[in-house]
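Throughout, protein chains are lettered first and strands after them, A, B, ... in sequence-line order, and every chain is numbered starting at 1.
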Amino acid sequence: MSLKRSTVQQLLSSQELDREVLVKGWVRSRRGNKYVQFIIVNDGSTIHTIQAVANAEQFSEESLRDVGNGACVAIRGQLVASQGKGQAVEIQATEVTVLGKADAEAYPLQKKATSLEHLREIAHLRPRTNTFGAVLRVRHALAFGIHKFFNDRGFYYVHTPIITGSDAEGAGQMFRVTTLPPDNPPRTDDGAIDYSQDFFGKQTNLTVSGQLEGELAAMALGSIYTFGPTFRAENSNTARHLAEFWMIEPEVAFNELEENMDLAEDFLQYLVRYALEHCPDDLQFLNDQYDKELLTRLSFVTDNAFQRLTYTEAVEILKSAKQKFEFPVDWGTDLQSEHERYLVEKHFKKPVILTNYPKEIKAFYMKLDEDGRTVRAMDVLFPGIGEIIGGSQREEDYEKLLGRMADMHVPADELSWYLDTRRFGTAPHAGFGLGFERLVLFVTGMSNIRDVIPFPRYPKNAEF
RNA sequence: GCUUCCUUAGCUCAGCCGGUUAGAGCAUCUGACUGUUAAUCAGAGGGUCCCUGGUUCGAGCCCAGGAGGGAGCGCCA
């Protein structure tokens, strides 16, 4: 019977020594002398590596020639207690097979430090680094934790469309989806492009948000969430924006603003706790390597209630702050990054939820407050990354919603399907959007959002 | 889109006031070393100084334009 492959993770945590094992993975390093060689292997199951020892009596120089940095190998041998310091167990190799060679002269990944900017240019190989291995494992854990959180609380996962016929969602610039020939599209009599001849018989785009469709589902299933790709064709060049990113959008019937805040806070604390529990080694590595405050900051999020205050209260605090701001604070204008950072990092020193923004600076679907000046919006602000969640209680009143759409020049006829929820059995409801990569950014302590997604898309870049 | 900084060996970076044959560490290759931990030690090979044009006796260095990248800002998640 053939020996089953063990992962590095299984071998390192095994109490069962002096048995034959088989490991397969990629060589991180080989060193030694003419009597003994040490082969360091990682297989992605953990950030840690396992050491295989090859004695010269069994392995000629020639047989290990191709066992170099980056090569893929299968190693069979005895799992034994290590004679050396630095690891508890190691494999005394009896058979080393090279599954895939890696030319040492050409292999782009070095054993020593390589900049994150350079790794971005070789994004097809960067998962083999410690850093990206850790980031991708944490990313997975967070994705899994999101589904678990909602499933455990009776939410249904709803798949909203990626191609949308609506261009009025108001969340940002959209990417057009078309099969018309770009050099010579069919035209109508007045010279405009004739989209009636396009694939869908109309103009279509990639979604900027699943929220409107999510609201439809919540008006039937009660509690739902979406988790899917989202696209923004904005020329945003920052460490916090991507043209293609993943968004989580829960929507809950009968929830009002207060319950929406409770959900957002529980959700974020749960996810940070989930990552701490399931990825301790990866987070420890990221803490040691990139951000010595990371674990402290994560614990701070799980251990402290978020500070809740209204936009109006925040403006008062900022106006009386001793700190000089580049942009003046005035009621009615949106807060700048510097203002949000002051509130979170200097004034409260904890995550902040800002609510009840002026209606002029928020979306048409947010519920109007009694005073007629503000809406039941909420933004969750995190240290370092700013807005991680944006949400609101939705306007459930048909007439008021129509009025808001008219004020903000949102075409009601294109959104008749959305308005139908208010015409037939409307109900109070609330939800929010969480940018998945911003969460991964916060939890990993990475500083650029392009380093927390395998293949980032941003202006002038769609490689791989 | 705006502001600002950067681009020199495979990688990370020095390079003085514009001066003759452009450097270091790591990586690679060769050799040494009986258990290494980013092994160590010795030696060798390795360059379109981002591109185009200009100034100058002479440009990696100064000037103009272009390309690419970082940071900050705006838009937002």
Would you please confirm or rule out a distance under 4.0 Å between OP1 or OP2 of [N] and any side-chain N or O of [X]?
X      : N      : answer
A:S337 : B:rG74 : yes
A:K34  : B:rC33 : yes
A:R30  : B:rA39 : no
A:N55  : B:rG35 : no
A:N235 : B:rC75 : no
A:R31  : B:rG35 : no
A:S29  : B:rA39 : yes
A:H241 : B:rC76 : no

Over all strands shown, is [X] touching base, sugar-phosphate only, or nothing at heavy-atom distances under 4.0 angstrom?
X      : answer
A:G433 : sugar-phosphate
A:L439 : nothing
A:N237 : base
A:E90  : base
A:T238 : base
A:Q92  : base

(message) I'd like the P distance from B:rG65 over to B:rG23, given in whole Å.
(response)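 It works out to 33 Å between them.
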(message) Check this for me: does the side-chain of A:Q87 come within 3.5 Å of the base of B:rU37 through a donor and an acceptor?
(response)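 By the distance-only test, yes, there is a pair.
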(message) So for A:E117 and B:rU12, does any side-chain atom that can act as donor or acceptor lie under 3.5 Å from a complementary atom in the base?
(response)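 Under the 3.5 Å cut-off, the side chain and the base do not form any donor-acceptor pair.
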Could you check which of [options] has an atom nearest any side-chain atom of [X]?
X      : options                : answer
A:R240 : B:rG70, B:rC76, B:rG1  : B:rC76
A:N461 : B:rG69, B:rG35, B:rC76 : B:rG69
A:E387 : B:rG35, B:rU28, B:rA77 : B:rA77
A:T114 : B:rC11, B:rA39, B:rC76 : B:rC11
A:S82  : B:rG35, B:rA77, B:rC73 : B:rG35
A:A239 : B:rG72, B:rU36, B:rC76 : B:rG72
A:S236 : B:rG35, B:rA77, B:rG74 : B:rG74
A:D334 : B:rG35, B:rC76, B:rA77 : B:rC76

(message) Does A:K292 have more than 12 heavy atoms from other residues, nucleotides or ligands lying within 6.0 Å of its NZ?
(response)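 Yes, the 6.0 Å shell around NZ holds more than 12 heavy atoms from other groups.
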(request) Return the nucleotide paired to B:rU36: Watson-Crick means purine N1 to pyrimidine N3 with N6-O4 or O6-N4, wobble means G-U with N1-O2 and O6-N3, both under 3.5 Å. (result)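 For B:rU36, the partner nucleotide comes out as none, under the 3.5 Å rule.
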(request) Report yes if the ring of A:F38 lies under 5.5 Å from the six-membered base ring of B:rG35 with planes under 30°, and no otherwise. (result)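 Per 5.5 Å and 30° rule: no stacking.
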(message) Whole angstroms only, please: what is the CD1-C1' distance between A:I361 and B:rC76?
(response)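 Atom-to-atom, A:I361 to B:rC76, this comes out as 13 Å.
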(request) Would you please classify the geometry between the A:F364 ring and the A:Y418 ring as parallel, tilted or perpendicular, with 30° and 60° separating the classes? (result)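 Perpendicular, since the angle between the ring planes exceeds 60°.
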(request) Please determine if A:R438 forms a cation-pi arrangement with A:F382, meaning its NZ or CZ atom is less than 6.0 Å from the six-membered ring centre and no more than 45° off the ring axis. (result)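 A:R438 over A:F382 ring: no.
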(message) Between A:Y342 and A:F325 (judged by ring centroids, cut-off 6.0 Å), do the two rings come close enough to count as a pair?
(response)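 Centroid separation for A:Y342 and A:F325: below 6.0 Å.
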(request) Compute the centroid of each ring, for A:F150 and then for A:F267, and state whether the two points are separated by less than 6.0 Å. (result)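 Centroid distance A:F150-A:F267: below 6.0 Å, so yes.
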